[in-house]
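Working notes, beginning with the structure itself.
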Amino acid sequence: VYLCLNILQSCNLFEFSSFIAYFSEMFIPFYTGRVIDVLGSHYQLNEFLSALLFMGLFSMGSSVSAGCRGGVLLCAISSFTCRIKVKLFQALTKQEIGFFETIKTGEITSRLSKDTTLMGRTVCLNVNVLLRTFIKTVGMISLMMTLSWKLTFLVLMETPLTGLIQNIYDTHYQRLFQAMQDSMARTNEAANEVVFGIRVVRSFNTNKHEAERYDERLNETRSLKTRRDIVRAVYLLAQRLTGLGMQVLILYYGRLFIQKGQMTTGSLVSFIIYQSDLGGNIRTLTYIFGDMLNSVVAAGKVFNYLDRKPEISTDGELKPDQLRGRISYCGLSFAYPTNPSKTVLQDFSLELKPGQMTALVGPSGEGKSTCVSLLQRLYEPQGGEILLDGQPLKSYDHHFFHKKIAVVSQEPVLFSGSIRDNITYGLNDCSMEEVEDAAGKADAHDFIQTLEKGYDTEVGEGGGQLSKSERQRIGIARALVRQPKVLILDEITSSLDTESENKIQQALASCLDQTLLVIAHRLKTIEKANQIVVVGGGRVKERGTHEELMELKGSYYKLREDQTIY
Ligand SMILES: Nc1ncnc2c1ncn2[C@@H]1O[C@H](COP(=O)(O)OP(=O)(O)OP(=O)(O)O)[C@@H](O)[C@H]1O
């Protein structure tokens with residue numbers, strides 16, 4: 001409603017120019033006929049000049065107003081589409097991760113690009129064209145009645161046929177158009193995939209195979225285009241034939257009416273001009289009606305996303321001045337929304353203390369990263385809860401919470417922009433000293449200094465211009481600059497050399513009051529942890545220091561032994 005009100009406000013000029021344009025357009029054929037009559041009968045200069053003047057004035061009025069109307073309308077459409085895209089984008093980024101896992105990426109991008117554009121057209125273009133065409137049609141029929149009511153009834157008898165032909169054509173055309181769009185998307189997808197994975201294509205020497213695959217998809221699009229063109233040609237033929245048939249009938253009966261003195265030659269010319277315009281209007285009305293039905297479906301899908309409330313609430317308000325960072329996992333049970341039948345965590349309980357390092361270890365796929373995702377509130381557990389300083393995570397203010405808990409993942413995602421932009425990602429008030437300090441702790445400062453533009457160096461799309469280890473260190477700096485109370489490192493050592501790893505560990509050890517949670521596969525790196533937790537079957541299997549667990553000779557001991565052998 002808010003968006004529509006905005007659009008209506010900007011449409012005042014549009015409505016005014018539209019009114020002038022419709023009014024002027026309607027009278028042009030009338031005065032054309034009048035000029036012909038004056039020329040054909042006893043010629044009077046005054047009558048001729050006045051008819052010519054009115055014809056000129058209406059033509060001018062129609063052209064200028066139609067130009068204004070077009071310009072204003074295009075501006076309104078692009079402004080509306082832009083606003084709806086931003087609103088939809090904001091609504092999408094608020095959704096929980098489970099939403100993105102259950103809905104295909106293609107569907108989301110299609111909502112953002114295609115459906116919003118279609119919606120913009122419905123609200124601005126179609127409604128206005130429908131209104132304009134309808135008013136024009138009614139006006140034209142009234143003027144045609146004044147010229148000859150008998151011929152008008154004859155013309156109106158053709159209307160259902162024109163509407164039917166248009167309807168059949170629109171249905172076929174829309175179906176082919178949709179298939180063509182899908183086929184074009186598949187063709188682009190094939191090209192994107194190859195560009196993205198060009199290294200694999202080269203190393204497996206599959207250039208020829210990929211070119212053939214691309215050619216196949218292009219041919220599919222081409223054959224759909226040919227079918228579309230054939231349908232259009234048949235439609236144009238049917239349209240011309242019905243139009244021609246009607247004109248022959250009008251000329252035949254028109255000649256009879258002129259002979260009987262029921263109408264003049266000029267009136268017949270005016271009538272024929274109106275009749276050809278009327279056919280166009282009926283076709284437009286049928287088309288717009290069908291198009292609006294499609295757009296309503298598209299708009300429905302967009303509104304579904306706009307109105308969707310994220311399943312993970314962000315309404316918490318707690319923002320304590322002092323946060324200690326004590327984390328308690330209390331009897332968690334969890335299954336991913338995409339696979340609800342598989343329980344990943346079952347009655348999982350654990351305590352992470354401030355100033356201590358906890359390491360989660362265990363075989364792959366046992367639920368270590370899931371513990372981290374739940375702590376970040378990317379998913380909501382089905383049973384139990386996680387407490388931060390004794391309060392449920394959901395009761396904390398969303399912004400506050402994500403400033404206090406920072407995560408460095410196995411492969412940090414960087415965004416195009418400078419190194420500094422990536423380190424200060426999401427922070428507005430971050431000084432250069434803080435950035436350099438965090439980069440120093442993450443062992444990134446030295447390599448950044450060697451770059452020509454230092455912290456202003458562009459990292460490229462997805463950080464592609466940096467090595468894996470450099471991306472990892474920037475990811476660590478991005479987490480440290482927030483001075484989080486809880487820091488989570490998810491298997492960060494795999495892409496770091498031993499020297500960097502040692503430096504980073506020393507820097508982390510200097511943050512005395514920080515709660516540190518580390519996931520590690522290389523068990524040697526977590527020997528100094530205050531508590532090592534072995535996760536197995538979605539539960540805490542063993543817990544203790546390195547020495548205690550080695551003495552226990554259980555799962556940890558076995559994992560450690562396996563790593564020593566290899
Ligand atoms: N997004 C997801 N949707 C559905 N199932 C998932 C998802 N992510 C992980 N899983 C499943 O949940 C289980 C636990 O995965 P998780 O990533 O937590 O294990 P992990 O112990 O961290 O493994 P690794 O050491 O290999 O990182 C696995 O069986 C995995 O297949």
Side-chain angles (χ1 to χ4, degrees), residues 92-108 310-312 327 329-350 352 357-386 393 405-413 468 471-472 475-476 479 486-496 501 516-527 529 531-543 549 554-563 566:
L92 284 172
T93 50
K94 276 188 199 149
Q95 300 304 324
E96 74 282 356
I97 299 296
F99 169 82
F100 292 96
E101 286 175 349
T102 41
I103 310 275
K104 286 190 187 129
T105 318
E107 202 178 319
I108 295 175
E311 276 173 22
I312 296 183
I327 300 283
Y329 286 88
C330 306
L332 282 196
S333 309
F334 176 72
Y336 280 95
T338 44
N339 192 3
S341 59
K342 182 181 170 191
T343 308
V344 178
L345 294 182
Q346 178 86 56
D347 196 21
F348 184 92
S349 298
L350 181 67
L352 314 182
M357 171 177 169
T358 301
L360 292 185
V361 301
S364 269
E366 294 292 326
K368 301 182 295 292
S369 300
T370 307
C371 292
V372 170
S373 303
L374 290 169
L375 182 53
Q376 285 178 273
R377 293 205 70 218
L378 299 185
Y379 303 93
E380 204 70 83
Q382 284 88 26
E385 60 182 345
I386 306 180
L393 297 186
I405 293 198
V407 184
V408 185
S409 52
Q410 291 179 22
E411 293 202 358
V413 176
K468 218 172 161 189
R471 281 203 296 270
Q472 184 65 273
I476 297 171
V486 182
L487 179 63
I488 306 163
L489 307 177
D490 187 354
E491 189 55 41
I492 61 161
T493 49
S494 53
S495 48
L496 295 178
E501 199 181 312
L516 187 58
L517 177 64
V518 177
I519 295 182
H521 279 120
R522 268 164 48 201
L523 301 182
K524 193 134 190 43
T525 58
I526 47 97
E527 272 178 10
Q531 65 167 344
I532 297 172
V533 178
V534 183
V535 180
R539 286 192 165 88
V540 173
K541 253 175 130 180
E542 282 172 22
R543 189 152 59 90
L549 293 181
S555 308
Y556 178 76
Y557 177 82
K558 197 166 172 316
L559 283 170
R560 192 62 215 265
E561 286 294 293
D562 289 349
Q563 288 193 356
Y566 294 109

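As the structure lists them, so they are numbered: ligands from 1, and atoms in each ligand from 1.
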Kindly indicate, with the supporting measurements, whether the criterion side-chain contact (heavy atoms from CB on, under 4.5 Å) is fulfilled by Ile97 and Ser373. CA-CA 10 Å; Ile97 299 296; Ser373 303; over 6 Å; no

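Proximity of a side-chain donor or acceptor of Thr338 to a complementary backbone N or O of Thr102 within less than 3.5 Å is not detected. Here the side chain of Glu542 pairs no donor or acceptor atom with the backbone of Val534 at under 3.5 angstrom.
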For ligand 1, output the ligand-protein N/O contacts shorter than 3.5 angstrom; if there are none, return none.
unit_1	atom_1	unit_2	atom_2	d
ligand 1	1 (N)	Glu101	OE2	2.9
ligand 1	3 (N)	Thr338	OG1	3.2
ligand 1	18 (O)	Ser369	N	3.4
ligand 1	18 (O)	Thr370	N	2.9
ligand 1	18 (O)	Thr370	OG1	2.5
ligand 1	19 (O)	Gly367	N	3.4
ligand 1	21 (O)	Gly365	N	3.4
ligand 1	21 (O)	Glu366	N	3.1
ligand 1	21 (O)	Gly367	N	3.1
ligand 1	21 (O)	Lys368	N	3.0
ligand 1	21 (O)	Lys368	NZ	2.9
ligand 1	22 (O)	Ser369	N	2.8
ligand 1	22 (O)	Ser369	OG	2.8
ligand 1	23 (O)	Gly365	N	2.8
ligand 1	25 (O)	Lys368	NZ	3.0
ligand 1	25 (O)	His521	NE2	3.0
ligand 1	26 (O)	Ser364	OG	3.0
ligand 1	29 (O)	Lys342	NZ	2.4

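Taking the side-chain hydrogen bond (donor to acceptor under 3.5 Å, both in side chains) definition, one finds that Gln382 meets it with nothing, sequence neighbours left out. Evaluation of the side-chain hydrogen bond (donor to acceptor under 3.5 Å, both in side chains) rule for Thr358 yields Gln531 as partners, not counting sequence neighbours. For Tyr379, the ring pair (Phe, Tyr, Trp, His ring centres under 6.0 Å) partners two or more places apart in sequence, or in a different chain, are Phe334, Tyr336.
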